[in-house]
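Quick notes on the structure that follows.
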Amino acid sequence: MSQNSARFIVIEGLEGAGKSSAVSLVRDFIEKYTGHAPLCTREPGGTPLAEKIRTLVKTTEPGDPLCDEAECLLIYAARAQLVANVIKPALARGQWVLGDRHNLSSLAYQGGGRGLMSLVETVSRATLGDFKPDLTLYLDIEPALGLRRAARRGELDRIEQQELAFFERARATYLAKAQEDDSIVVIDAGQDMAEVHKDILAMLQQRL
Ligand code: Z5A
């Protein structure tokens with residue numbers, strides 16, 4: 001594989017969409033396809049500093065609730081660290097990168113869900129410029145079904161406790177962005193896992 005052929009692939013979706021198992025599937029596919037394991041990242045997180053920010057974003061500080069603007073800026077601080085110190089260096093040395101969430105999550109959750117699209121677009125441009133994934137697999141699920149699946153997994157974190165309408169707005173933003181951008185592929189994640197995985201593999205074979 002030549003140095004500059006490495007790609008950045010991202011899995012996106014609401015809670016309970018099945019991102020965890022999709023990440024394993026795509027990681028194995030990339031390893032077989034390129035002969036090398038990709039670097040796997042998660043957001044927010046993926047560097048020591050960004051993991052500390054992840055904890056701040058996911059938990060509730062009694063008496064000092066995180067305001068929406070601070071949530072947005074913290075998530076971008078974590079992403080700027082991850083892109084500068086992990087993702088870009090990996091791509092530059094020819095290693096593929098597989099992300100569990102990236103910038104599209106901020107457009108969906110902070111832009112659509114929180115109603116902060118103008119802030120998101122400004123900070124995104126300032127921190128990422130033109131940098132974006134080569135391919136994003138968006139696992140689309142009805143929020144109510146996704147939250148039922150996520151609830152079976154255990155206690156819900158600060159963001160997972162938002163009202164259903166928040167996730168409906170986030171989903172609508174995911175779908176609108178996918179319409180505008182050819183590098184975002186929508187996968188029906190409401191199907192059985194076997195069907196979802198079949199669709200993911202078919203799409204990877206077609207796109208790569
Ligand atoms: N966030 C944000 O607001 N803005 C941003 O820019 C970024 C993130 C980057 C990260 O939390 C939180 O930060 C997230 C968005 C916000 N919070 N919320 N809400 P995280 O990383 O801890 O959580 P996550 O990314 O939402 O979830 P996850 O645990 O990594 O994965 P998942 O896709 O939600 O679900 P899963 O664990 O793969 O599956 C859930 C369960 O469903 C599990 O038991 C599976 O076995 C089951 N499942 C999965 N697929 C199926 C099918 N097809 N059929 C039946 N059952 C299934």
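Remember, it's 1-based here, ligands and their atoms both numbered in the order they're listed. Below, each value reflects all heavy atoms present in this structure, side chains not excepted, and no hydrogens, waters or symmetry copies.
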Check this for me, if you would: do R7 and D134 make a salt bridge, where the nitrogen-to-carboxylate-oxygen distance has to be below 4.0 angstrom? no
Report yes or no: is the cationic atom of R79 (NZ for Lys, CZ for Arg) closer than 6.0 Å to the six-membered ring centre of Y76, at no more than 45° off its axis? yes
Non-hydrogen atom of R54 closer than 4.0 Å to ligand 1: yes
Closer than 4.0 Å to some heavy atom of P44 - which atoms of ligand 1 meet that? 7 (C), 8 (C), 9 (C), 13 (O)
Identity and distance of the protein heavy atom lying nearest atom 45 (C) of ligand 1: M193 CE, 4.2 Å
Looking only at heavy atoms, which two atoms of P143 and L164 are closest? And how far apart? CB-CD1, 3.8 Å
For E43, counting its heavy atoms only, list the atoms of ligand 1 lying under 4.0 Å from any of them. 9 (C)
For ligand 1, which part of R153 has a heavy atom less than 4.0 Å away: the side chain, the backbone, both, or neither? side chain
Are E180 and K177 close enough for a salt bridge, meaning some N to O gap below 4.0 Å? yes
Taking a hydrophobic cluster as the set of Ile, Leu, Val, Met, Phe, Trp and Tyr residues connected by side-chain heavy atoms closer than 4.5 Å, whether directly or through intermediates, do L49 and L56 fall within one such cluster? no
Which word best sums up how the rings of H102 and F131 line up, parallel for under 30°, tilted for 30 to 60°, or perpendicular for over 60°? perpendicular
Look at atom 26 (O) of ligand 1 and say which protein heavy atom is nearest, naming residue and atom and giving the distance to 0.1 Å. E15 OE2, 2.5 Å
Determine, counting only non-hydrogen atoms of the protein, whether one lies under 4.0 angstrom from atom 35 (O) of ligand 1. yes
Trace of the side chain to side chain donor-acceptor pair (under 3.5 Å) decision for T47 with N85: CA-CA 8 Å; T47 81; N85 293 347; 5.8 Å; no
Check each atom of ligand 1 against the heavy atoms of D192 and keep those under 4.0 Å away; list them by number with element. 53 (N)
Where on R42 is there a heavy atom closer than 4.0 Å to ligand 1, on the side chain, on the backbone, on both, or on neither? neither
Hey, does R42 have a side-chain heavy atom less than 4.5 Å from the side chain of R54? yes
Counting only heavy atoms not in Q179, do more than 12 fall under 6.0 Å of its CD? no
Minimum-distance protein heavy atom relative to atom 7 (C) of ligand 1: S105 CB, 3.5 Å
Ring geometry between Y33 and W96 (parallel below 30°, tilted from 30 to 60°, perpendicular above 60°): perpendicular
Nearest non-hydrogen protein atom, atom 30 (O) of ligand 1: S20 OG, 3.8 Å
Is atom 16 (C) of ligand 1 in close reach of the protein, with a heavy atom under 4.0 Å away? yes
For atom 25 (O) of ligand 1, the closest protein heavy atom turns out to be R101 NE, 2.8 Å
Nearest non-hydrogen protein atom, atom 55 (C) of ligand 1: R149 NE, 3.6 Å
I'd like to know whether CD of E142 has more than 12 heavy-atom contacts from other residues, nucleotides or ligands below 6.0 angstrom. no
Side chain, backbone, both or neither: K58 near ligand 1, heavy atoms under 4.0 Å: side chain
Are any of the N/O atoms in R79 less than 3.5 Å from those in ligand 1? yes
Can an N or O of K19 be found at a distance shorter than 3.5 Å from an N or O of ligand 1? yes
Applying a 4.0 Å heavy-atom criterion (strictly less than), which segment of Q191 is in contact with ligand 1: side chain, backbone, both, or neither? backbone
Can you sort out which atoms of ligand 1 are near S106, meaning under 4.0 Å from one of its heavy atoms? 5 (C), 6 (O)
Close approach of A150 to ligand 1, heavy atoms, under 4.0 angstrom: no
Looking at ligand 1, would G16 count as a contact under a 4.0 Å heavy-atom criterion? yes
Any N or O on Q110 sitting closer than 3.5 Å to an N or O of ligand 1? yes
Check ligand 1 against I75 and write out every atom of the ligand that is under 4.0 Å from a heavy-atom position of the residue. 2 (C), 3 (O), 4 (N), 5 (C), 6 (O)
Would you say G18 and ligand 1 have an N/O pair spaced under 3.5 Å apart? yes
Do you know which two heavy atoms are closest between L116 and C72, and how far apart they sit? CD1-CB, 4.4 Å
CA sep, side-chain torsions, deciding dist, call: R101, E15, salt bridge (charged side-chain N to carboxylate O under 4.0 Å, His left out): CA-CA 11 Å; R101 297 190 181 277; E15 306 14 83; 3.2 Å; yes
Hydrophobic cluster identity match, M193 and L201, side-chain contacts under 4.5 Å: no
